[in-house]
Amino acid sequence: MRKLNFVLQEILKVCLLFLFFFVWFRYLFKRNLPVAIIVSLATTLIVYAIACFFLSKRKAKLGMKMKEKEEAEDMFLSLACSDNYMDFFEKLAKTKHQNTERHKCFLTIKHPENVKTLLYADMSFEGLTCDKLIEIHKKVKSQQATKIVIVCKEVADKMVFSLASTFKEKFLILDEYSTYNQLFKYYGVYPEITRRCNTQKKLDFKDFVSYSFNKKRTKSYLLSALVLILSSLFIRMTIYYCIIASVLVVFALVSQFNPRFNSYENKEILGRD
């Protein structure tokens, strides 16, 4: 099923690229539709091959809706203000990992072949710093975990990632938004919201762009582009049609395939890998 979905996504990507090039080659070869189709198809395949080569190692980054961001902040706040936040993380872990052992501020999950994952919950609001990372490592190193997952409000010092790479354990650091996406959403377990952040957010430019290029907008952009392209078969193609149709196809491509405005592929954070 996953392979089929991937193939369909790639076919859609090729179709959108073809539409983009067809708009312009239809304009250039006004009197020869077959040539416009053949040249568009050839260009599409070349560009697609080049794009696959350069983007094959690119990793998707997290993108969240405004509502999800607010929920992530409220959930972290609710957990941080709770005296029993480890109860929640234990419940979450045991939905998929029965061999979970609870400690005061962390969990350990044993996997086959002596592989162990450790989940540490740092519920402070100053964020994760290098000093705090060293302190956490001192607390948990006796557990001899293979992977250490740290849940925190935010990463207050970017040097944290460099420092984490110097330890023999594999570190995975999740801020409140990554925790929402990669733990709560994946495991299907959400903390009860008992407190809410009172800050009222205005729609800034970044949120506006995220809203405009969300995957749900793909259909609208694509249908608009198709209307212009089909109309060019009956009326004279002008530079105006080319520009507008091209922009709409590009918008459809960005909305459908740019991971910045969509979400992570789900994976098992507390698994052995």
Side-chain angles (χ1 to χ4, degrees), residues 1-69 177-178 181 185 201-267:
M1 187 64 183
R2 194 175 282 181
K3 288 184 177 179
L4 177 61
N5 186 54
F6 173 77
V7 171
L8 292 175
Q9 290 285 315
E10 294 304 300
I11 292 175
L12 177 58
K13 191 181 297 183
V14 171
C15 291
L16 288 171
L17 283 172
F18 174 79
L19 287 176
F20 176 82
F21 291 117
F22 179 75
V23 168
W24 290 97
F25 287 121
R26 176 77 177 91
Y27 177 74
L28 293 175
F29 302 102
K30 294 184 179 70
R31 299 181 180 179
N32 201 330
L33 181 60
V35 172
I37 294 174
I38 293 171
V39 175
S40 299
L41 183 59
T43 306
T44 297
L45 294 176
I46 293 171
V47 171
Y48 176 75
I50 294 173
C52 288
F53 176 78
F54 284 104
L55 299 178
S56 59
K57 295 184 179 180
R58 182 183 176 186
K59 292 183 179 180
K61 295 185 177 180
L62 179 63
M64 294 180 69
K65 300 176 184 178
M66 286 182 62
K67 183 179 179 181
E68 290 180 327
K69 287 184 178 181
Y177 305 118
S178 300
N181 273 279
K185 185 179 286 189
K201 297 183 177 180
K202 295 181 179 179
L203 185 67
D204 57 19
F205 180 73
K206 184 178 179 180
D207 290 323
F208 173 76
V209 172
S210 179
Y211 175 83
S212 300
F213 293 112
N214 188 268
K215 188 175 288 189
K216 294 179 180 179
R217 307 285 174 275
T218 303
K219 185 185 295 185
S220 299
Y221 293 135
L222 182 57
L223 288 175
S224 300
L226 285 173
V227 169
L228 288 177
I229 293 171
L230 290 174
S231 66
S232 70
L233 299 175
F234 306 102
I235 61 176
R236 189 171 66 88
M237 191 73 165
T238 65
I239 193 68
Y240 167 79
Y241 280 96
C242 292
I243 294 173
I244 299 301
S246 298
V247 169
L248 289 170
V249 172
V250 170
F251 282 4
L253 272 168
V254 173
S255 300
Q256 182 68 25
F257 298 107
N258 193 332
R260 181 180 180 84
F261 308 118
N262 297 294
S263 59
Y264 272 131
E265 179 183 356
N266 286 335
K267 59 181 180 179

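Side-chain atoms are counted along with the backbone in the values below, which use heavy atoms only and exclude waters and symmetry mates.
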| Residues in ring pair (Phe, Tyr, Trp, His ring centres under 6.0 Å) contact with F18, at least two apart in sequence or another chain |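 By the ring pair (Phe, Tyr, Trp, His ring centres under 6.0 Å) rule, F18 matches F22.
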
Separation between [atom1] of [X] and [atom2] of [Y], rounded to the nearest 0.5 Å:
{"X": "F21", "Y": "L45", "atom1": "CZ", "atom2": "CG", "result": "10.5 Å"}
{"X": "T43", "Y": "W24", "atom1": "OG1", "atom2": "CH2", "result": "14.0 Å"}
{"X": "F25", "Y": "F20", "atom1": "CZ", "atom2": "CZ", "result": "9.5 Å"}
{"X": "L17", "Y": "I46", "atom1": "CG", "atom2": "CD1", "result": "12.5 Å"}

